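The structure displayed is predicted, hence computed values, not measured ones. Below, read A as the first sequence line, B as the second, and so on, with proteins coming before strands; counting in each chain starts at 1.
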Protein chains: 2
Amino acid sequence: MSDHIEVCSFIHAHEEVVEMVRERMPEEELLYDLAELFKVFGDSTRIKILYALFESELCVCDIAQLLNMTQSAISHQLRVLKQSHLVKYRRDGKIILYSLADDHVRRIINQGMEHVEE
Amino acid sequence: MSDHIEVCSFIHAHEEVVEMVRERMPEEELLYDLAELFKVFGDSTRIKILYALFESELCVCDIAQLLNMTQSAISHQLRVLKQSHLVKYRRDGKIILYSLADDHVRRIINQGMEHVEE
DNA sequence: CATACATATGAACATTTGTTCATATGTATG
DNA sequence: CATACATATGAACAAATGTTCATATGTATG
(Lines give C-alpha, C1' and ligand atoms only; values in the text may rest on other atoms or scores of the structure.)
Protein backbone atom coordinates (compact mmCIF):
# COMPACT_ATOMS: atom_id res chain seq x y z
CA MET A 1 0.00 0.00 0.00
CA SER A 2 2.69 2.46 0.96
CA ASP A 3 5.24 1.57 -1.72
CA HIS A 4 4.23 4.54 -3.79
CA ILE A 5 6.53 5.78 -6.43
CA GLU A 6 7.31 9.22 -5.14
CA VAL A 7 7.23 10.94 -8.49
CA CYS A 8 3.73 11.77 -9.60
CA SER A 9 4.49 14.13 -12.44
CA PHE A 10 1.76 12.92 -14.72
CA ILE A 11 3.94 10.69 -16.87
CA HIS A 12 4.81 8.45 -13.96
CA ALA A 13 1.73 8.27 -11.81
CA HIS A 14 0.69 5.09 -9.99
CA GLU A 15 0.71 3.26 -13.27
CA GLU A 16 -0.65 -0.13 -12.22
CA VAL A 17 -3.46 1.31 -10.17
CA VAL A 18 -4.41 3.66 -12.97
CA GLU A 19 -4.46 0.77 -15.42
CA MET A 20 -6.59 -1.33 -13.10
CA VAL A 21 -9.04 1.51 -12.66
CA ARG A 22 -9.11 2.20 -16.38
CA GLU A 23 -10.11 -1.37 -17.12
CA ARG A 24 -12.98 -1.23 -14.70
CA MET A 25 -14.40 2.09 -15.87
CA PRO A 26 -17.78 1.85 -17.63
CA GLU A 27 -18.09 2.90 -21.25
CA GLU A 28 -17.42 6.53 -21.98
CA GLU A 29 -20.89 6.91 -23.47
CA LEU A 30 -22.61 5.42 -20.45
CA LEU A 31 -20.79 7.81 -18.13
CA TYR A 32 -21.76 10.68 -20.37
CA ASP A 33 -25.41 9.65 -20.32
CA LEU A 34 -25.32 9.33 -16.56
CA ALA A 35 -23.95 12.83 -16.20
CA GLU A 36 -26.66 14.07 -18.55
CA LEU A 37 -29.28 12.44 -16.36
CA PHE A 38 -27.99 14.06 -13.21
CA LYS A 39 -27.78 17.37 -15.02
CA VAL A 40 -31.56 17.18 -15.38
CA PHE A 41 -31.94 16.82 -11.62
CA GLY A 42 -29.48 19.65 -11.15
CA ASP A 43 -31.92 22.53 -11.44
CA SER A 44 -34.18 23.67 -8.65
CA THR A 45 -37.12 24.36 -10.93
CA ARG A 46 -37.05 20.83 -12.25
CA ILE A 47 -36.56 19.42 -8.77
CA LYS A 48 -39.63 21.32 -7.63
CA ILE A 49 -41.64 20.04 -10.57
CA LEU A 50 -40.67 16.47 -9.78
CA TYR A 51 -41.49 16.89 -6.10
CA ALA A 52 -44.86 18.32 -7.03
CA LEU A 53 -45.52 15.31 -9.23
CA PHE A 54 -44.72 13.09 -6.24
CA GLU A 55 -48.09 14.15 -4.89
CA SER A 56 -50.35 14.31 -7.91
CA GLU A 57 -50.51 14.48 -11.67
CA LEU A 58 -50.66 18.12 -12.70
CA CYS A 59 -51.15 20.25 -15.77
CA VAL A 60 -48.69 22.89 -16.91
CA CYS A 61 -50.76 25.72 -15.47
CA ASP A 62 -51.04 24.03 -12.09
CA ILE A 63 -47.29 23.84 -11.86
CA ALA A 64 -46.85 27.39 -13.11
CA GLN A 65 -49.20 28.60 -10.41
CA LEU A 66 -47.61 26.45 -7.73
CA LEU A 67 -44.11 27.71 -8.49
CA ASN A 68 -45.22 31.20 -9.46
CA MET A 69 -43.50 30.95 -12.81
CA THR A 70 -44.61 31.47 -16.40
CA GLN A 71 -46.35 28.78 -18.38
CA SER A 72 -43.57 28.96 -20.91
CA ALA A 73 -40.79 28.33 -18.42
CA ILE A 74 -42.59 25.29 -17.04
CA SER A 75 -43.35 23.94 -20.49
CA HIS A 76 -39.70 24.21 -21.49
CA GLN A 77 -38.65 22.35 -18.36
CA LEU A 78 -41.27 19.67 -18.80
CA ARG A 79 -39.87 19.01 -22.22
CA VAL A 80 -36.45 18.39 -20.69
CA LEU A 81 -38.00 16.03 -18.16
CA LYS A 82 -39.93 14.23 -20.90
CA GLN A 83 -36.82 13.79 -23.01
CA SER A 84 -35.05 12.19 -20.07
CA HIS A 85 -38.00 9.87 -19.49
CA LEU A 86 -38.54 11.23 -16.01
CA VAL A 87 -42.13 12.30 -16.59
CA LYS A 88 -44.95 11.03 -18.78
CA TYR A 89 -48.21 12.66 -19.79
CA ARG A 90 -51.74 11.95 -20.89
CA ARG A 91 -54.36 14.11 -22.48
CA ASP A 92 -57.65 14.80 -20.73
CA GLY A 93 -59.81 17.03 -22.88
CA LYS A 94 -57.81 20.11 -23.66
CA ILE A 95 -55.57 19.64 -20.68
CA ILE A 96 -52.39 17.62 -20.59
CA LEU A 97 -51.65 15.97 -17.28
CA TYR A 98 -48.07 15.21 -16.33
CA SER A 99 -46.91 12.55 -13.89
CA LEU A 100 -43.73 10.75 -12.85
CA ALA A 101 -42.51 8.23 -15.40
CA ASP A 102 -41.53 5.56 -12.90
CA ASP A 103 -40.19 4.88 -9.44
CA HIS A 104 -36.55 5.51 -10.31
CA VAL A 105 -37.23 9.20 -10.09
CA ARG A 106 -38.41 8.92 -6.52
CA ARG A 107 -35.51 6.72 -5.51
CA ILE A 108 -32.85 8.90 -7.08
CA ILE A 109 -34.26 12.00 -5.43
CA ASN A 110 -34.64 10.28 -2.09
CA GLN A 111 -31.04 9.10 -2.15
CA GLY A 112 -29.93 12.61 -2.91
CA MET A 113 -32.10 14.03 -0.17
CA GLU A 114 -30.55 11.67 2.37
CA HIS A 115 -27.16 13.15 1.58
CA VAL A 116 -28.39 16.71 1.73
CA GLU A 117 -30.25 16.27 5.00
CA GLU A 118 -27.14 15.25 6.91
CA MET B 1 -51.20 34.51 -3.11
CA SER B 2 -51.64 37.66 -5.12
CA ASP B 3 -51.78 38.25 -8.84
CA HIS B 4 -50.17 35.75 -11.14
CA ILE B 5 -48.84 35.76 -14.62
CA GLU B 6 -50.66 36.42 -17.87
CA VAL B 7 -51.17 33.80 -20.56
CA CYS B 8 -52.58 30.90 -18.61
CA SER B 9 -55.81 31.75 -16.84
CA PHE B 10 -54.98 30.55 -13.39
CA ILE B 11 -58.55 30.90 -12.27
CA HIS B 12 -59.28 27.52 -13.75
CA ALA B 13 -59.37 24.07 -12.19
CA HIS B 14 -57.17 22.18 -9.75
CA GLU B 15 -56.92 24.93 -7.13
CA GLU B 16 -57.32 22.49 -4.26
CA VAL B 17 -54.79 20.09 -5.71
CA VAL B 18 -52.26 22.88 -6.10
CA GLU B 19 -52.82 23.93 -2.50
CA MET B 20 -52.44 20.38 -1.26
CA VAL B 21 -49.22 19.97 -3.20
CA ARG B 22 -47.91 23.30 -1.97
CA GLU B 23 -48.36 22.26 1.63
CA ARG B 24 -46.44 19.06 1.11
CA MET B 25 -43.50 20.61 -0.70
CA PRO B 26 -40.21 20.57 1.25
CA GLU B 27 -38.54 23.82 2.23
CA GLU B 28 -37.38 25.98 -0.63
CA GLU B 29 -33.82 25.88 0.70
CA LEU B 30 -33.74 22.12 0.92
CA LEU B 31 -34.91 21.80 -2.66
CA TYR B 32 -32.26 24.25 -3.72
CA ASP B 33 -29.53 22.30 -1.92
CA LEU B 34 -30.73 19.10 -3.50
CA ALA B 35 -30.52 20.61 -6.96
CA GLU B 36 -27.03 21.85 -6.13
CA LEU B 37 -26.02 18.34 -5.14
CA PHE B 38 -27.26 16.82 -8.38
CA LYS B 39 -25.56 19.59 -10.29
CA VAL B 40 -22.28 18.22 -8.98
CA PHE B 41 -23.08 14.80 -10.41
CA GLY B 42 -24.14 16.45 -13.64
CA ASP B 43 -20.75 16.67 -15.26
CA SER B 44 -19.04 13.78 -17.00
CA THR B 45 -15.60 14.67 -15.70
CA ARG B 46 -16.80 14.56 -12.12
CA ILE B 47 -18.75 11.36 -12.76
CA LYS B 48 -15.58 9.78 -14.12
CA ILE B 49 -13.60 10.91 -11.11
CA LEU B 50 -16.15 9.41 -8.76
CA TYR B 51 -16.26 6.15 -10.69
CA ALA B 52 -12.47 5.99 -10.57
CA LEU B 53 -12.58 6.47 -6.81
CA PHE B 54 -15.01 3.55 -6.59
CA GLU B 55 -11.98 1.36 -7.27
CA SER B 56 -9.14 2.97 -5.38
CA GLU B 57 -7.92 6.09 -3.67
CA LEU B 58 -6.01 8.16 -6.18
CA CYS B 59 -3.88 11.25 -6.36
CA VAL B 60 -4.62 14.19 -8.64
CA CYS B 61 -2.03 13.09 -11.18
CA ASP B 62 -3.41 9.57 -11.34
CA ILE B 63 -6.80 10.93 -12.23
CA ALA B 64 -5.35 13.40 -14.71
CA GLN B 65 -3.52 10.57 -16.45
CA LEU B 66 -6.53 8.26 -16.33
CA LEU B 67 -8.83 10.83 -17.92
CA ASN B 68 -6.16 12.38 -20.08
CA MET B 69 -6.82 15.83 -18.71
CA THR B 70 -4.70 18.53 -17.12
CA GLN B 71 -3.77 18.48 -13.45
CA SER B 72 -5.43 21.85 -13.05
CA ALA B 73 -8.77 20.76 -14.45
CA ILE B 74 -8.85 17.75 -12.12
CA SER B 75 -7.84 19.82 -9.13
CA HIS B 76 -10.62 22.30 -9.80
CA GLN B 77 -13.16 19.49 -10.03
CA LEU B 78 -11.88 17.80 -6.90
CA ARG B 79 -12.47 21.00 -5.07
CA VAL B 80 -16.09 20.98 -6.16
CA LEU B 81 -16.43 17.38 -5.01
CA LYS B 82 -14.79 18.21 -1.69
CA GLN B 83 -17.10 21.14 -1.09
CA SER B 84 -20.10 18.89 -1.63
CA HIS B 85 -18.66 16.32 0.78
CA LEU B 86 -18.55 13.68 -1.91
CA VAL B 87 -14.82 13.00 -1.61
CA LYS B 88 -12.34 13.17 1.22
CA TYR B 89 -8.54 13.18 1.18
CA ARG B 90 -5.49 12.34 3.22
CA ARG B 91 -1.88 13.31 2.83
CA ASP B 92 0.80 10.67 2.27
CA GLY B 93 4.17 12.35 1.97
CA LYS B 94 3.92 14.94 -0.71
CA ILE B 95 1.01 13.25 -2.32
CA ILE B 96 -2.63 13.81 -1.50
CA LEU B 97 -4.84 10.78 -1.91
CA TYR B 98 -8.52 11.25 -2.66
CA SER B 99 -11.30 8.79 -1.89
CA LEU B 100 -15.07 8.66 -1.70
CA ALA B 101 -16.53 10.41 1.32
CA ASP B 102 -19.19 7.81 2.08
CA ASP B 103 -21.57 5.27 0.63
CA HIS B 104 -24.23 7.75 -0.42
CA VAL B 105 -22.13 8.58 -3.41
CA ARG B 106 -22.18 5.01 -4.61
CA ARG B 107 -25.89 4.63 -4.00
CA ILE B 108 -26.85 7.84 -5.76
CA ILE B 109 -24.75 6.95 -8.79
CA ASN B 110 -26.02 3.40 -8.87
CA GLN B 111 -29.63 4.55 -8.79
CA GLY B 112 -28.91 6.89 -11.65
CA MET B 113 -27.14 4.20 -13.59
CA GLU B 114 -30.15 1.90 -13.27
CA HIS B 115 -32.26 4.50 -15.00
CA VAL B 116 -29.72 5.13 -17.72
CA GLU B 117 -29.15 1.45 -18.45
CA GLU B 118 -32.79 0.79 -19.34
C1' DC C 1 17.68 26.18 2.84
C1' DA C 2 17.39 25.49 -1.95
C1' DT C 3 15.31 22.72 -5.05
C1' DA C 4 11.92 19.76 -7.17
C1' DC C 5 7.59 18.08 -6.97
C1' DA C 6 2.40 17.72 -5.97
C1' DT C 7 -1.46 20.34 -5.64
C1' DA C 8 -4.26 24.65 -5.45
C1' DT C 9 -5.97 28.91 -7.15
C1' DG C 10 -7.34 33.17 -9.91
C1' DA C 11 -8.53 35.27 -14.12
C1' DA C 12 -9.97 34.82 -18.78
C1' DC C 13 -12.55 32.66 -22.14
C1' DA C 14 -15.86 29.88 -24.64
C1' DT C 15 -19.96 27.06 -23.92
C1' DT C 16 -24.00 25.79 -21.90
C1' DT C 17 -28.22 26.72 -19.66
C1' DG C 18 -32.75 28.85 -17.87
C1' DT C 19 -35.98 32.34 -18.52
C1' DT C 20 -38.63 35.67 -21.18
C1' DC C 21 -41.15 37.30 -25.06
C1' DA C 22 -43.64 36.57 -29.03
C1' DT C 23 -45.95 33.41 -31.54
C1' DA C 24 -47.32 28.83 -33.23
C1' DT C 25 -49.78 24.43 -32.71
C1' DG C 26 -53.39 21.75 -31.27
C1' DT C 27 -58.01 20.75 -29.32
C1' DA C 28 -62.65 21.26 -27.61
C1' DT C 29 -66.99 23.84 -27.87
C1' DG C 30 -70.65 27.12 -29.37
C1' DC D 1 -65.63 26.74 -38.67
C1' DA D 2 -64.59 30.37 -35.51
C1' DT D 3 -63.23 31.14 -31.17
C1' DA D 4 -61.03 30.49 -26.74
C1' DC D 5 -58.09 27.95 -24.24
C1' DA D 6 -53.95 24.82 -23.03
C1' DT D 7 -49.58 23.85 -24.36
C1' DA D 8 -45.35 24.05 -27.27
C1' DT D 9 -41.61 26.29 -29.53
C1' DG D 10 -37.90 29.49 -31.35
C1' DA D 11 -34.91 33.30 -30.77
C1' DA D 12 -32.56 36.30 -27.68
C1' DC D 13 -30.31 37.36 -23.59
C1' DA D 14 -28.13 37.01 -19.05
C1' DA D 15 -26.12 34.01 -15.81
C1' DA D 16 -23.60 30.00 -14.67
C1' DT D 17 -20.08 26.61 -15.67
C1' DG D 18 -15.66 23.94 -17.22
C1' DT D 19 -11.18 24.29 -19.04
C1' DT D 20 -6.78 26.54 -19.81
C1' DC D 21 -2.90 29.26 -18.65
C1' DA D 22 0.01 31.25 -15.49
C1' DT D 23 1.36 31.23 -11.03
C1' DA D 24 1.06 30.45 -6.02
C1' DT D 25 1.26 27.39 -1.99
C1' DG D 26 2.84 23.72 0.51
C1' DT D 27 5.93 19.73 1.48
C1' DA D 28 9.75 16.55 1.39
C1' DT D 29 14.65 15.79 0.37
C1' DG D 30 19.57 16.46 -0.74
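Donor-acceptor pairing under 3.5 Å, judged by distance alone, is absent between the side chain of H76(A) and the base of dT17(C). Donor-acceptor pairing under 3.5 Å, judged by distance alone, is present between the side chain of Q71(B) and the base of dA8(C).
When both pairing distances are held under 3.5 Å, dA28(C) makes a Watson-Crick or G-U pair with dT3(D). Using the Watson-Crick or G-U wobble rule with both distances under 3.5 Å, dC13(C) pairs with dG18(D).
Annotation: R22(A), atom CZ; neighbour count of heavy atoms from other residues, nucleotides and ligands within 6.0 Å is above 12. Counting non-hydrogen atoms of neighbouring residues, nucleotides and ligands closer than 6.0 angstrom, the OH atom of Y89(A) reaches no more than 12 such neighbours. The environment of H104(A) atom NE2 is dense: over 12 non-hydrogen atoms of other residues, nucleotides or ligands sit within 6.0 angstrom.
Residues M20(B) and L50(A) are members of one and the same hydrophobic cluster, defined by side-chain heavy-atom contacts under 4.5 angstrom among Ile, Leu, Val, Met, Phe, Trp and Tyr.
Close to dT20(D), at under 4.0 Å from its OP1 or OP2, lies no side-chain N or O of S72(B). The shortest distance between the side-chain N/O atoms of Y89(A) and the OP1/OP2 oxygens of dA6(D) is not below 4.0 Å. Applying the 4.0 Å criterion to OP1 and OP2 of dT20(C), one finds that T70(A) has a side-chain N or O inside that range. The shortest distance between the side-chain N/O atoms of K39(A) and the OP1/OP2 oxygens of dT17(D) is not below 4.0 Å.
dG18(D) atom P lies 12 Å from atom CD of E36(A), rounded to whole Å. Between the CZ atom of F38(B) and the P atom of dG18(C) there is a distance of 15 Å, given to the nearest Å. Rounded to whole Å, atom C1' of dT19(C) lies 16 Å from atom CD1 of I63(A). One can place CD1 of I95(A) at 6 Å from P of dT7(D), the figure rounded to the nearest angstrom. A straight line from CE of M69(B) to P of dT7(C) spans 16 Å, rounded to a whole angstrom. Rounded to an integer number of Å, the gap from R91(A) CZ to dA6(D) C1' is 8 Å. Rounded to whole Å, atom P of dT7(C) lies 16 Å from atom CD of Q77(B). For the pair Q83(A) CD and dG18(C) P, the computed distance is 12 Å after rounding to whole Å.
A residue-by-residue look at L58(B) and D92(A) shows that L58(B) has its nearest nucleotide of DNA chain C further toward the 5' end. Nearest-nucleotide assignment on DNA chain C puts the 5′-proximal partner with L78(B), out of G93(A) and L78(B). Looking at which nucleotide of DNA chain D each of K94(A) and A73(A) is closest to, the 5′-most match is held by K94(A).
For the atom pair CD (E117(B)) and CG (L34(A)), the distance works out to 9.0 Å, reported to the nearest 0.5 Å.
Heavy-atom distances under 4.0 Å link DNA chain D to no residue of residues 41-51 of chain A.
With contacts defined as side-chain heavy-atom distances shorter than 4.5 Å, the pair E118(B)/E114(B) does not qualify.
Using the six-membered ring where Trp is involved, F38(A) and F38(B) have ring planes that are parallel, under 30° apart on the 30 and 60° scheme.
A donor-acceptor distance shorter than 3.5 angstrom exists from the side chain of N110(A) to the backbone of R106(A), with no hydrogens or angles considered.
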